[in-house]
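Below is one structure; the comments refer to it alone.
Each residue takes its place number in the sequence, starting with 1.
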Amino acid sequence: MAQHTFATALPTRLAALAALGLLLTACGNEPTEVGAPAPGSDESSSSAPDQDAPSAEEGTESPGEAPGGDSTTELTIERSLDDDEGLTPESGFEEGTWTLTCDPAGGDHPDPEAACARIAEVGTEPFLLDTTDMMCTMQVGGPEVVRVTGRIGDTEIDTEFNKRNGCEIERFAEAGAVITP
């Protein structure tokens, strides 16, 4: 039987910690940052413009403006709890269904003005983001599940928010004023 001393176990432990650090660093990055060059590398100092990025002259839409220029929002927000009885919902979370319209703000949403302001701020991204192929931290934030259907401008919305991993927890928080006022 081989004996392991501190001196022989240290390199193995350091290698494991370094691998864990790389994994955690990749999990915290946005999807577009994962393949991005490191700051200060030769690739990041390139002065060539991004071919896919629209120029300022092309008149890009603001983040809150709906695609196609239609600013009408009509959403149904269904809030429920997952069947996992071991998880406790966030304080104040109530099951039920709300409607939300924007321009003008209305519906039976508890705070339609704040919800519409949040949609204007973040646009459709949190409602369209698919995290299934993303590396996410393995954590569960709670049993809350929110189904959102309808449209934001010309974009059809049919998505579920939950707290089943780190990416979904972040996505849930990003749409907070809309789904958990």
Side-chain angles (χ1 to χ4, degrees), residues 23-34 36 53-54 56 58-181:
L23 177 63
L24 291 176
T25 301
C27 287
N29 288 335
E30 294 296 320
T32 56
E33 295 174 343
V34 173
E58 292 178 25
T60 61
E61 296 173 351
S62 67
E65 185 178 325
D70 183 358
S71 61
T72 304
T73 296
E74 296 174 353
L75 298 175
T76 300
I77 303 158
E78 302 172 61
R79 299 162 40 94
S80 62
L81 295 174
D82 195 357
D83 293 334
D84 189 347
E85 294 178 17
L87 298 173
T88 305
E90 171 179 317
S91 176
F93 185 89
E94 294 179 12
E95 295 181 280
T97 302
W98 301 322
T99 58
L100 174 67
T101 58
C102 297
D103 296 324
D108 59 2
H109 190 281
D111 192 352
E113 290 82 13
C116 292
R118 186 64 183 160
I119 291 170
E121 184 179 335
V122 299
T124 59
E125 183 178 351
F127 301 92
L128 300 176
L129 183 63
D130 181 5
T131 63
T132 54
D133 292 332
M134 293 173 65
M135 275 199 336
C136 305
T137 57
M138 294 176 58
Q139 62 188 34
V140 177
E144 298 90 340
V145 177
V146 180
R147 182 103 188 142
V148 180
T149 56
R151 66 187 183 98
I152 298 175
D154 292 333
T155 305
E156 290 294 320
I157 304 297
D158 187 357
T159 191
E160 178 182 284
F161 291 87
N162 59 63
K163 295 182 176 181
R164 292 188 190 120
N165 63 48
C167 299
E168 287 295 323
I169 292 170
E170 183 177 334
R171 187 173 163 252
F172 197 99
E174 190 172 7
V178 179
I179 61 177
T180 60

Asp103 vs Thr73 side-chain heavy atoms within contact, under 4.5 Å: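 Contact flag for Asp103/Thr73 side chains = no.
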Criterion side-chain contact (heavy atoms from CB on, under 4.5 Å) on Arg164 and Asp82, from CA distance to verdict: CA-CA 10 Å; Arg164 292 188 190 120; Asp82 195 357; 4.0 Å; yes
Donor-acceptor pairs under 3.5 Å, side chain of residues 104-119 to any protein atom, not counting sequence neighbours: which ones?
| residue | atom | partner | partner atom | Å |
| --- | --- | --- | --- | --- |
| Asp108 | OD1 | Thr99 | N | 2.5 |
| Asp108 | OD1 | Thr99 | OG1 | 3.0 |
| His109 | ND1 | Asp111 | N | 3.0 |
| His109 | ND1 | Asp111 | O | 3.4 |
| His109 | NE2 | Val178 | O | 2.8 |
| Asp111 | OD1 | Ala114 | N | 3.3 |
| Arg118 | NE | Glu174 | O | 2.8 |
| Arg118 | NH1 | Glu121 | OE1 | 3.4 |
| Arg118 | NH1 | Glu121 | OE2 | 2.9 |
| Arg118 | NH2 | Glu174 | O | 3.0 |

[X] [atom1] to [Y] [atom2] distance, which is reported to the nearest 0.5 Å:
X: Phe172; Y: Cys167; atom1: CZ; atom2: SG; answer: 15.0 Å
X: Thr124; Y: Ile157; atom1: OG1; atom2: CD1; answer: 6.0 Å
X: Thr159; Y: Leu75; atom1: OG1; atom2: CG; answer: 11.0 Å
X: Leu81; Y: Leu87; atom1: CG; atom2: CG; answer: 10.0 Å
X: Ile169; Y: Cys136; atom1: CD1; atom2: SG; answer: 9.5 Å
X: Glu170; Y: Thr131; atom1: CD; atom2: OG1; answer: 10.5 Å

For residues [X] and [Y], report the shortest heavy-atom separation together with the two atoms involved.
X: Arg79; Y: Gly92; answer: NH2-O, 4.4 Å
X: Ile179; Y: Trp98; answer: O-CZ3, 3.8 Å
X: Phe161; Y: Glu168; answer: CA-OE1, 4.4 Å

When the side chains of residues 139-150 are checked against the rest of the protein, which donor-acceptor pairs come out under 3.5 Å, sequence neighbours left out?
| residue | atom | partner | partner atom | Å |
| --- | --- | --- | --- | --- |
| Glu144 | OE2 | Glu90 | N | 2.5 |
| Arg147 | NE | Asp158 | OD1 | 3.4 |
| Arg147 | NH2 | Asp158 | OD1 | 2.5 |

Criterion side-chain contact (heavy atoms from CB on, under 4.5 Å) on Thr101 and Thr72, from CA distance to verdict: CA-CA 7 Å; Thr101 58; Thr72 304; over 6 Å; no
Partner set under side-chain hydrogen bond (donor to acceptor under 3.5 Å, both in side chains) for Thr97, not counting sequence neighbours: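 Applying side-chain hydrogen bond (donor to acceptor under 3.5 Å, both in side chains) to Thr97 gives none.
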Arg171 side chain vs Pro126 backbone, donor-acceptor pair below 3.5 Å: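 Checking the backbone N and O of Pro126 against the side chain of Arg171, a donor-acceptor pair under 3.5 Å is found.
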